[in-house]
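Take a look at the structure set out below.
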Number of protein chains: 2
Amino acid sequence: MPVDAMSDTARAVQLFHALSDETRVGIIEMLESGERCVCDLQDTLNAAQSRLSFHLRVLKDAGIVTDRREGRWSYYELNRDAFDEAESILKELRPRARRTTARGDVCCG
Amino acid sequence: MPVDAMSDTARAVQLFHALSDETRVGIIEMLESGERCVCDLQDTLNAAQSRLSFHLRVLKDAGIVTDRREGRWSYYELNRDAFDEAESILKELRPRARRTTARGDVCCG
DNA sequence: AAACTAAATCAACGATTATTGATATGTCAA
DNA sequence: TTGACATATCAATAATCGTTGATTTAGTTT
């Protein structure tokens, strides 16, 4: 499903899912300082080519990275918007009030 | 593994994994406004008892919720610290520089 | 063109995660 | 103390996700 045809919850799930894998976090850490080509990532992360490609696709589908092709190389870069989005989703999920259920209340009436 | 005996990356993965499921996001949304008992969650989210219990445990293991027992009921509440933590992890993963690879650079030398 | 390279995709398998129904544990009420 | 209830845990199954090796797609070099 395209990102913009997704419920808020589905989008949250997609974003956080993309962030919930060691290899992908490793990729993101490598891209923190700027754009990298796939072969660089491969060497440094010590990941088989198709494995890396798989994770890059998950990140790309989630909008966390963008890619550009230059000759026979592909370069990947982090997308700030996705991080803004994740942060704002987190803020929405954050607890608001201190407590609403008074101790001693009955539930399951 | 206990949360405090975990690498930064492993912790990031655990937190984001806990956030990457529709049912769990649903639970979090219900807890935004304060503490709730399990039976409330069950009714509203329309989830089988053991299923809910499973997801609550994932959230609890990740430190996203805390629980307390009162008589035969269990109450769950969001833990602000986990949200702070997730936010700060997100900030660390965020891109720093604009671009380091100049166009036309060669890689895979 | 032919050979070579970087990267994406695919199919098969293995691993992890989620769901379900059954059972266990602790608490309350009759 | 017996029965009902709320929740947790467990074992089996189903579904999803990640890995691997092979193949495909482009682009480059000779």
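All of these numbers come straight from a predicted model, not from anything done at the bench. Quick note: numbers below take in every heavy atom, side chains included, and nothing from hydrogens, waters or symmetry partners. Naming: A, B, ... by sequence-line order, numbering from 1 per chain.
For D/dA6, its base never sits under 3.5 Å from the side chain of B/Gln49 at any donor and acceptor pair.
At whole-Å resolution of the value, OH in A/Tyr75 and P in C/dA8 are 13 Å apart. Computed from coordinates, the A/Arg51 CZ to C/dA6 P distance equals 20 Å when rounded to whole Å. If you take CZ of A/Phe54 and P of C/dC13, they are 18 Å apart, rounded to a whole angstrom. Across the protein-nucleic acid pair, B/Arg57 atom CZ and D/dA6 atom P stand 22 Å apart, rounded to whole Å. D/dT19 atom P lies 12 Å from atom CG of A/Leu45, rounded to whole Å. D/dA6 atom P lies 16 Å from atom CG of B/Leu56, rounded to whole Å. Between B/Gln42 atom CD and D/dC5 atom C1' there is a gap of 12 Å when expressed in whole angstrom units. The interatomic distance linking B/Ile27 (CD1) with C/dA18 (C1') rounds to 13 Å, in whole Å.
A/Thr66 contributes atom OG1, which lies 6.0 Å from atom CG of A/Asn79 (distance to the nearest 0.5 angstrom). To the nearest 0.5 angstrom, B/Glu87 atom CD is 5.5 Å from A/Arg94 atom CZ.
Between B/Leu52 and A/Ala48, the residue anchored nearer the 5' end of DNA chain D, judged by the nucleotide with its closest heavy atom, is B/Leu52.
One N or O on the side chain of A/Arg69 and one on the backbone of A/Gly71 form a donor-acceptor pair closer than 3.5 Å. Looking only at distances, a side-chain donor or acceptor of B/Ser20 sits under 3.5 Å from a matching main-chain atom of B/His17.
Under 4.0 angstrom from either OP1 or OP2 of C/dT19 there lies at least one side-chain N or O belonging to B/His55.
Between A/Ala47 and A/Leu52, the shortest heavy-atom distance links the atoms CB-CD1, 4.3 Å.
Within residues 10-26 of chain B, no residue has any heavy atom closer than 4.0 Å to DNA chain D.
Hydrophobic clustering, with ILVMFWY side chains joined whenever heavy atoms are under 4.5 angstrom apart, groups B/Phe16 together with A/Leu56. Hydrophobic clustering of Ile, Leu, Val, Met, Phe, Trp and Tyr side chains at less than 4.5 Å, counting indirect connections, unites B/Val25 with A/Leu19. A single hydrophobic cluster is not seen to contain both A/Leu59 and A/Phe54; linkage of ILVMFWY side chains at heavy-atom distances under 4.5 Å, directly or through other members, places them apart.
The side chain of B/Ser50 sits closest to D/dT9 out of C/dA7, D/dT9, D/dG21.
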Reading nucleotides 24-30 of chain D from 5' to 3' and marking B where a protein heavy atom lies under 4.0 Å of the base, S where only the sugar-phosphate is that close, and - otherwise, the string is ---BSS-
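Remark: B/Asp8 CG is loosely packed, at most 12 non-hydrogen atoms of other residues, nucleotides or ligands lying under 6.0 Å away.
Here B/Ser74 lies in heavy-atom contact (under 4.0 Å) with sugar-phosphate atoms only.
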